[in-house]
Amino acid sequence: MVGDVHADDARDDRNTRRGETPPHGTTPQEVTLPDGSVMPRLGMGTWYLGEGRRPFDDEAAALRAGLDAGVRLIDTAEMYADGGAERLVGAAIDGYDRGSLYLVSKVYPHNAGRRHLRRSLEASLRRLGTDYLDMYLLHWRGSVPLRETVDCMERAVDDGLIRRWGVSNLDLHDMRELMDVSRGSHCCVDQVLYHLGSRGIEVDLLPWLRGRHIPVMAYCPLAQAGRLRDGLLGSAAVHEVAAAHGFTPMQVLLAFVLHQPDMIAIPRSGVPEHVLANAAVLDSPLSDAEYELLSQAFPAPDHPVPLDME
Ligand SMILES: NC(=O)c1ccc[n+]([C@@H]2O[C@H](COP(=O)([O-])OP(=O)(O)OC[C@H]3O[C@@H](n4cnc5c(N)ncnc54)[C@H](OP(=O)(O)O)[C@@H]3O)[C@@H](O)[C@H]2O)c1
C-alpha cells in the first residue's frame with residue numbers, strides 16, 4: 001500500500017509528464033485507488049454488446065470512437081454475451097497501445113475459487129487479446145468463501161496477470177467481512193448500481209467506502225437509458241440542468257454521477273455519437289447548485305435499503 005503523499009506525487013508526476021494539468025472548471029479525470037495507482041473516472045460499459053443486437057463492426061466502432069476521444073477505461077465480464085463482449089473489446093482495442101488502456105473484467109462467482117479462477121482469467125485474457133488486466137472483479141458474491149477468492153486474486157497479481165482486483169455488488173455487510181479476510185483490504189473498488197434514481201448506497205455503503213478511500217464504480221449510471229426509474233428523463237430538474245449545459249437528459253444523469261470526484265462511471269453505448277456525448281460530460285461539470293437541484297428532485301433514502309442490483 002502506498003500512502004496518500006506518494007499517490008499525490010505519482011499523480012503530479014503523471015500530469016506533468018503529459019502536460020495535462022486539468023483546465024479550470026473541469027472535473028478530475030482520474031481517481032486514486034487504495035494501492036496508490038490512478039484509474040480513469042469515465043469508462044465504457046459492455047453489457048449487452050457483442051450479442052449481435054447490432055453489427056459487430058458498428059459496436060467495435062463505438063468503442064473505438066470512445067478510445068479516440070480519450071476514454072481509456074473499458075468494463076467487461078466473462079458473463080457478457082458469454083465471452084462475446086470480451087471478444088468485441090479485443091477487436092476494438094487491436095492496434096491501440098495497451099499501456100494507454102485500462103481494462104476491467106469480472107469473474108463469475110462460481111468461477112471465483114481455486115478450481116476455476118485462473119482458467120476463467122486466462123480465457124478472458126485470450127478473448128481480450130492481452131496478457132494482463134488492469135483490474136479484475138468478483139462479479140457478485142456466491143458460495144466461494146471470500147478468503148479463497150482473495151487468495152486467488154492475490155496470486156494472479158503476483159503472477160502479473162492482473163494489476164489489482166476489486167469486487168462488485170458487495171453491500172456493507174459483505175465489505176466488512178472482506179476487510180476481515182487476510183489481504184481483503186487490497187480490494188481497490190466496489191462496482192455497484194448507482195444513478196440519480198437509485199441512491200441507496202449514499203446512506204451506508206458509500207460513506208464507509210469513502211472512509212477507506214475505496215472508490216465506487218457506478219454501473220447503470222444512465223439508469224439503462226432511464227428504464228430503471230420512472231420519471232427520470234422527463235423530470236423538470238433534469239431538463240433545467242440539461243438546458244443550461246446544452247446536454248441531453250442522458251448526459252445530465254451521467255454528470256450527476258461524475259459530480260462526485262471519487263466516483264467512476266461506466267455508461268454503455270453501441271452508438272459512436274452516444275459514446276462521444278458521454279465523453280463530453282467531463283468537460284462541462286455541474287455546479288453544486290445544479291447538483292442540489294437534481295438531488296432534491298430524486299433524494300437519497302433516509303434509511304438503509306438493500307443494495308440495488310441489475
Ligand atoms: N457489475 C455488475 O453487476 C453490472 C451490472 C450492470 C452493468 N454493469 C456494467 O455497467 C455498464 C453500464 O450499465 P448498463 O449497460 O446496464 O446501463 P447504462 O449505461 O445505464 O445504460 C445503457 C443504455 O443507455 C443508452 N445510452 C448510452 N449513452 C447514451 C446517450 N449518450 N444517449 C442516449 N442513450 C444512451 C444505451 O443505448 P445505445 O447503445 O443505443 O446508446 C443503452 O440502452 C454495463 O454495460 C456493464 O459494463 C455491471
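This is a predicted model, so every value here is computed, not measured. Counting starts at 1 for both ligands and their atoms, following the listed order.
- For the atom pair L161 CG and S124 OG, the distance stands at 11.0 Å (nearest 0.5 Å).
- Among all protein heavy atoms, the one lying closest to atom 34 (N) of ligand 1 is M250 CE, 3.4 Å.
- Within ligand 1, the atoms closer than 4.0 Å to a non-hydrogen atom of R54 are 38 (P), 39 (O), 40 (O), numbered from 1 in the order shown.
- Considering each of Y48, Y219, F247, the one bringing a non-hydrogen atom nearest atom 4 (C) of ligand 1 is Y219.
- For the pair T32 and H213, the minimum side-chain heavy-atom distance is 4.5 Å or more.
- Every atom of ligand 1 is numbered from 1 in the order shown, and the set under 4.0 Å from a heavy atom of H139 is 1 (N), 2 (C), 3 (O).
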Exercise for the section: Apply the test ring-ring contact (aromatic ring centres under 6.0 Å, His included) to residues Y291 and F256: give CA-CA distance (whole Å), side-chain angles for both, the deciding distance (0.1 Å), then the verdict. Expected result: CA-CA 6 Å; Y291 177 84; F256 174 81; 4.9 Å; yes
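- Shortest contact from atom 47 (O) of ligand 1 to any protein heavy atom: D75 OD2, 2.6 Å.
- For ligand 1, none of its N or O atoms has an N or O atom of G45 under 3.5 Å away.
- Polar contact with ligand 1: present for L222 (N/O pair, distance under 3.5 Å).
- Listed by number with element, the atoms of ligand 1 under 4.0 Å from a non-hydrogen atom of Y80 are 4 (C), 8 (N), 9 (C), 46 (C), 47 (O), 48 (C).
- Closest to atom 44 (C) of ligand 1 among all protein heavy atoms lies W47 CB, 3.6 Å.
- Under 3.5 Å, the side chains of R268 and T46 contain no donor-acceptor pair of N or O atoms.
- Atom CG in L286 sits 6.5 Å away from atom NE2 in H259 (nearest 0.5 Å).
- Of all the atoms in ligand 1, the ones that sit under 4.0 Å from a non-hydrogen atom of R227 are 43 (O).
- Between K106 and ligand 1 there is a heavy-atom distance shorter than 4.0 Å.
- Qualifying side chain to side chain donor-acceptor pair (under 3.5 Å) partners for R141, counting only residues two or more places apart in sequence or in other chains: D174, E177.
- With distances taken over non-hydrogen atoms, the option nearest atom 27 (C) of ligand 1 out of H274, R53, R268 is R268.
- With a 4.5 Å cut-off on side-chain heavy atoms, Q29 and P40 do not count as touching.
- Here Y80 and H139 bring their ring centres to under 6.0 angstrom of each other.
- A cation-pi arrangement is present between R212 and W208, with the terminal nitrogen or guanidinium carbon under 6.0 Å from the aromatic centre and inside a 45° cone about the axis.
- Annotation: E310 places no N or O atom under 3.5 Å from an N or O atom of ligand 1; distance criterion only.
- Each ring pair (Phe, Tyr, Trp, His ring centres under 6.0 Å) pair with one or both residues in residues 115-138, not counting sequence neighbours, would appear here, but there are none.
- The closest approach between any non-hydrogen atom of M217 and ligand 1 is not below 4.0 Å.
- Residues I74 and I93 meet the side-chain proximity criterion, which asks for heavy atoms closer than 4.5 Å.
- Distances between N or O atoms of V271 and those of ligand 1 include no value under 3.5 Å.
- Using a 4.0 Å cut-off to heavy atoms of Q224, the atoms of ligand 1 that qualify are 16 (O), 17 (O), 18 (P), 20 (O), 21 (O).
- Taking every heavy atom of S168 and a limit of under 4.0 angstrom, the matching atoms of ligand 1 come to 1 (N), 2 (C), 3 (O).
- Using cut-offs of 30° and 60° for the angle between ring planes, the Y108 and W140 rings count as perpendicular.
- Nearest protein heavy-atom contact of atom 28 (N) of ligand 1 is N278 ND2, 3.1 Å.
- For the residue pair Y219 and N169, a side-chain donor N or O sits within less than 3.5 Å of a side-chain acceptor on the partner.
- Near I266, meaning under 4.0 Å from one of its heavy atoms, ligand 1 places the atoms 9 (C), 10 (O), 11 (C), 12 (C).
- With a 4.0 Å heavy-atom cut-off, ligand 1 is reached by the side chain of N169 but not by its N, CA, C or O.
- Neither the backbone nor the side chain of Q251 comes within 4.0 Å of ligand 1, counting heavy atoms alone.
- Counting heavy atoms only, C220 comes closest to atom 13 (O) of ligand 1 of the residues C220, A77, P267, S269.
- Here the side chains of V107 and M79 are not in contact, with every heavy-atom distance at 4.5 Å or above.
- Short contacts between ligand 1 and A225, defined as distances under 4.0 Å to a heavy atom of the residue, involve ligand atoms 21 (O), 23 (C), 24 (O), 25 (C), 43 (O).
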